[in-house]
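Take a look at the structure below.
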Protein chains: 2
Amino acid sequence: MSQTHPFRALPLSVLAISLASLAHAADLPVKPSVADLVKQSKPSDWRPLDPNNTLYMELPTGRVVIELAPEFAPQNIANIKTMVKEQYFDGLAILRSQDNYVAQWGDPNAETTPKSLGSAKAKVVGEFTVPMANDKHFVRQADLDGYAPQIGHSNGFPVGRDPKAKTTWLAHCYGTVGVGRDNATDSGNGAELYAITGHAPRHLDRNITAVGRVVSGMPLLSVLPRGSENMGFYGAKDTRLPIKSVRLEADVPEAERSHLEVMRSDAPIYKDVVDAARNRGGPWNKFTPHYVELCNAPMPVREHPKE
Amino acid sequence: MSQTHPFRALPLSVLAISLASLAHAADLPVKPSVADLVKQSKPSDWRPLDPNNTLYMELPTGRVVIELAPEFAPQNIANIKTMVKEQYFDGLAILRSQDNYVAQWGDPNAETTPKSLGSAKAKVVGEFTVPMANDKHFVRQADLDGYAPQIGHSNGFPVGRDPKAKTTWLAHCYGTVGVGRDNATDSGNGAELYAITGHAPRHLDRNITAVGRVVSGMPLLSVLPRGSENMGFYGAKDTRLPIKSVRLEADVPEAERSHLEVMRSDAPIYKDVVDAARNRGGPWNKFTPHYVELCNAPMPVREHPKE
């Protein structure tokens with residue numbers, strides 16, 4: 001990510017390196033970038049994904065890896081894991097791709113000849129927020145936020161919380177995965193899930209159950225053709241991408257696993273990572289807002305380095 | 001947008017209408033939605049795009065319509081219009097698609113056998129901000145923002161401004177179009193342009209010249225396969241989408257025009273539109289943050305209604 005690219009213009013890179021700058025405005029001091037910090041990190045700054053809370057959604061185009069956050073939606077996640085164990089999602093499809101919003105998947109025949117939910121529940125209580133006490137890993141991000149009294153990260157997930165109400169919730173950023181529902185708060189059950197593919201729709205926070213985030217494979221969802229029907233649903237004119245299978249990582253043979261790890265958001269280095277995004281330096285940047293919005297704070301993921 | 005969709009779950013729609021709600025949490029009062037307001041609007045609430053500041057980028061997959069905002073980048077936009085008039089972009093290509101960030105287009109051979117810029121300038125001063133006095137149409141949005149002392153809309157464009165420095169600038173939201181540059185502030189010239197296809201990278205504000213926004217055709221850019229090289233640039237392994245042509249709307253025969261109009265952001269109705277996004281009501285919403293971030297404030301665009 002830090003190499004100079006052959007193309008003339010490197011307009012948007014905050015990582016671009018140039019030995020001599022012709023800038024008219026003063027350059028900002030060179031500071032370690034997020035990429036620098038990732039390079040400098042120690043093995044203990046990372047944690048592997050929990051195989052019992054990681055889903056592999058296998059599409060014809062590749063694997064989407066979703067990490068679940070059971071502290072934030074225990075009942076919905078238990079129901080999803082029941083469905084995954086019973087291979088409910090195998091052979092279903094992506095149902096919806098709405099530009100600058102979501103991709104959503106589930107049973108295309110839910111309205112006519114629905115697939116049996118097996119031992120999973122048809123209704124699960126909405127877990128739009130959970131008690132703050134559920135979350136042992138919260139590290140506050142100091143930047144102001146219009147959608148939540150406090151923001152921060154917990155185990156690599158972006159979260160909001162309300163110390164007065166003593167509640168916390170997963171924030172809807174790019175890649176956040178949640179449980180589709182109808183008007184009733186318990187009308188979702190995890191059989192229909194979505195991932196955010198556009199600008200963070202934070203107004204969904206506290207309105208719907210978020211269960212985790214896509215840690216790898218977002219482009220497989222974000223490039224899906226937008227559906228031709230209302231709200232990006234696929235209709236007769238569209239071809240739906242089938243889901244080959246959804247498996248719990250723990251049920252996948254070791255040799256076929258992705259071996260990803262996420263930076264520990266409660267490790268000291270993560271403070272520096274957020275700072276690097278907040279105070280961008282180097283020859284390209286001429287101005288820094290000294291601010292980073294929750295959904296622009298990096299949440300580094302990498303493959304576990306080979307010994 | 002306000003019909004009930006045949007699928008069981010309507011999880012993310014703020015427009016879904018249901019006659020009876022089974023919600024456990026109290027429903028929020030029904031308020032006019034953005035779609036309702038668009039329906040109720042008068043013809044005078046809209047303005048047509050200015051044919052002299054509207055670009056049609058014709059791709060093999062369809063037309064991308066870009067509205068330029070000359071108050072915010074007069075010199076860069078003049079240069080772009082020179083290139084467009086001289087058909088500089090015809091036959092060039094999309095060079096880059098980086099997930100959750102940008103699509104960027106220009107000359108694939110810029111480093112080796114660059115296409116002549118014709119009468120256009122090779123270097124144009126960076127217009128990262130302009131004097132506040134340039135902008136006659138600013139209407140402030142009351143919501144707080146971490147990236148700018150003040151935010152609002154001007155002629156349908158999202159803008160930031162700093163009343164102390166007396167400057168204003170186009171904000172980088174989904175769809176914002178800008179001028180790629182290298183480290184030097186005057187190293188851009190408009191021959192390489194980008195459109196934001198991901199979560200708003202507002203740290204680019206005041207660091208690069210934004211020239212306008214995509215008002216139609218974003219999905220043609222947002223679904224482009226992500227490039228396999230650094231920063232999403234396309235390389236030997238990828239196929240670049242060619243640009244058939246870029247034309248000024250004024251130079252396109254009337255019968256081939258798109259006839260789009262944008263809601264006037266200085267019409268009273270626009271205040272209601274932002275309010276509708278800020279205070280979402282109706283049976284689906286259980287919680288409202290009474291807040292809407294700049295890049296989540298709707299900027300309605302429609303085809304001019306046929307008489």
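Lettering follows sequence order; numbering is per chain, from 1.
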Do A:Thr167 and A:Asp162 have side-chain atoms, one donor and one acceptor, less than 3.5 Å apart?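 There is no such pair (donor and acceptor under 3.5 Å, judged by atom type) between the side chains of A:Thr167 and A:Asp162.
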
Top residue by heavy-atom pair count (under 4.5 Å) with chain A, among [options]?
options                                : value
B:Ser222, B:Gly235, B:Pro289           : B:Ser222
B:Arg202, B:Glu293, B:His290, B:Met218 : B:Glu293
B:Leu224, B:Thr288, B:Val223, B:Asp145 : B:Val223

Under 4.5 Å from any heavy atom of chain A, what part of [X] do you find: side chain, backbone, both or neither?
X        : value
B:Tyr147 : both
B:Asp143 : neither
B:Arg278 : neither

List the steps and the verdict of side-chain contact (heavy atoms from CB on, under 4.5 Å) for A:Ile94 and A:Leu221. CA-CA 9 Å; A:Ile94 312 285; A:Leu221 298 172; 4.1 Å; yes

Would you confirm whether A:Asp186, through its side chain, and A:Lys123, through its main-chain N or O, come within 3.5 Å as a donor-acceptor pair?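 The answer is no, because no donor-acceptor pair under 3.5 Å joins these two groups.
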
Treating B:Thr129 as the side-chain partner and B:Trp169 as the backbone partner, does any N or O pair qualify as donor plus acceptor under 3.5 Å?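 A pair under 3.5 Å: no.
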
Between A:Arg226 and A:Asp99, is the closest basic N to carboxylate O distance under 4.0 Å?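 Yes.
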
A:Asp275/A:Lys31 salt bridge by N-O under 4.0 Å criterion: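 Not counted as a salt bridge, because no side-chain N and carboxylate O are separated by less than 4.0 Å.
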
Any idea which of [options] has the most non-hydrogen atom pairs under 4.5 angstrom with chain B?
options                      : answer
A:Val292, A:Asn296, A:Asp205 : A:Asn296
A:Cys295, A:Ala277, A:Gly198 : A:Cys295
A:Thr197, A:Asn100, A:Leu144 : A:Asn100

Quiz item: cation-pi between B:Arg181 and A:Trp284, 6.0 Å / 45°: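 B:Arg181 over A:Trp284 ring: yes.
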
Sort A:Phe287 into side chain, backbone, both or neither according to what part of it lies under 4.5 angstrom from a heavy atom of chain B.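 Its backbone and side chain both get close to chain B.
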
